[in-house]
Amino acid sequence: MLLLYLIIAVVAGLAELFTGTFYLAAVAIAALIALLAGLFLPHLTLHWVFLASSVVLILVSAWLRHRLARKASGVDDLDLGQAVEVLRGPDAQGRYRVRYRGSEWPAVLEEGDTACPGAAAVIVAHEGNLLHIAVVPPSSGESLCLPPSSASSSS
């Protein structure tokens with residue numbers, strides 16, 4: 001009977017290493033508690049010890065996981081404030097393409113901003129892989145965008 005709880009503890013512990021959840025660790029610990037209780041209690045009560053300790057430990061691990069996830073949600077986003085370069089846009093949906101971390105990302109501008117290809121911007125928020133950016137005004141005060149009339153006057 002004690003061998004059964006040792007096997008459950010080992011299997012649940014190994015499975016925990018591959019899944020990364022707290023729940024299988026709780027089952028493994030409950031099996032170890034039942035194994036230790038088997039040294040002092042009659043074998044008929046071990047199933048109840050295992051069941052009770054499993055339920056208690058799974059509830060505690062769910063509470064800890066929820067608490068840690070809530071605490072981790074307050075961690076600062078390292079992408080915020082990072083510089084990006086506007087490559088092109090806007091498209092029909094009002095989205096731009098920007099270069100960030102060596103690749104192209106979709107982006108939308110904050111309200112009131114306009115951007116031209118080559119403009120510098122910073123990330124102010126993101127939803128998934130969609131970046132929300134704010135344009136950084138050029139230091140010279142000039143716009144990087146050519147007016148539409150100057151492009152057609154050369155012909």
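This one's a predicted model, so the numbers in the text were calculated from it and none came from an experiment.
Counting only heavy atoms from C-beta outward, the side chains of I133 and L109 approach each other to under 4.5 Å. Residues R101 and D79 form a side-chain contact, since some pair of their non-hydrogen atoms from C-beta on lies under 4.5 Å apart. By the 4.5 Å heavy-atom criterion applied to side chains, V49 and I33 are counted as neighbours. No side-chain heavy atom of V122 sits under 4.5 Å from any side-chain heavy atom of Q82.
For R88, the side-chain hydrogen bond (donor to acceptor under 3.5 Å, both in side chains) partners two or more places apart in sequence, or in a different chain, are E104. Under the side chain to side chain contact (heavy atoms under 4.5 Å, CB included) criterion, L39 pairs with L2, L36, not counting sequence neighbours. Among residues two or more places apart in sequence or in another chain, the side chain to side chain contact (heavy atoms under 4.5 Å, CB included) test is passed with V11 by I7. Under the side chain to side chain contact (heavy atoms under 4.5 Å, CB included) criterion, A9 pairs with A31, L32, sequence neighbours left out. For the side-chain hydrogen bond (donor to acceptor under 3.5 Å, both in side chains) test, residues two or more places apart in sequence or in another chain that qualify with Y5 are H47. Applying the side chain to side chain contact (heavy atoms under 4.5 Å, CB included) test to R95 and every residue at least two apart in sequence or in another chain returns D91, Q93, V108, L130. Under the rule for a salt bridge (charged side-chain N to carboxylate O under 4.0 Å, His left out), E85 has no partner lying at least two apart in sequence or in another chain.
Under a 4.5 Å side-chain heavy-atom cut-off, the cluster of Ile, Leu, Val, Met, Phe, Trp and Tyr residues that includes L24 has no other member.
Both L35 and L3 are members of a single hydrophobic cluster when ILVMFWY side chains are connected at heavy-atom separations under 4.5 Å. Residues I29 and V27 are members of separate hydrophobic clusters, defined by side-chain heavy-atom contacts under 4.5 angstrom among Ile, Leu, Val, Met, Phe, Trp and Tyr.
Closest heavy-atom contact between A134 and V124: CB-CG1, 3.9 Å.
Listed by first and then second residue, the ring-ring contact (aromatic ring centres under 6.0 Å, His included) pairs that reach into residues 94-134 are Y100-W105, sequence neighbours excluded.
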Compile the donor-acceptor pairs under 3.5 Å between side chains in residues 54-61 and protein atoms, sequence neighbours left out, one pair per line.
unit_1	atom_1	unit_2	atom_2	d
S54	OG	F50	O	2.8
S61	OG	L57	O	3.2
S61	OG	I58	O	2.9

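Going from atom CZ of R97 over to atom CG of L87 covers 8.0 Å, rounded to the nearest 0.5 Å.
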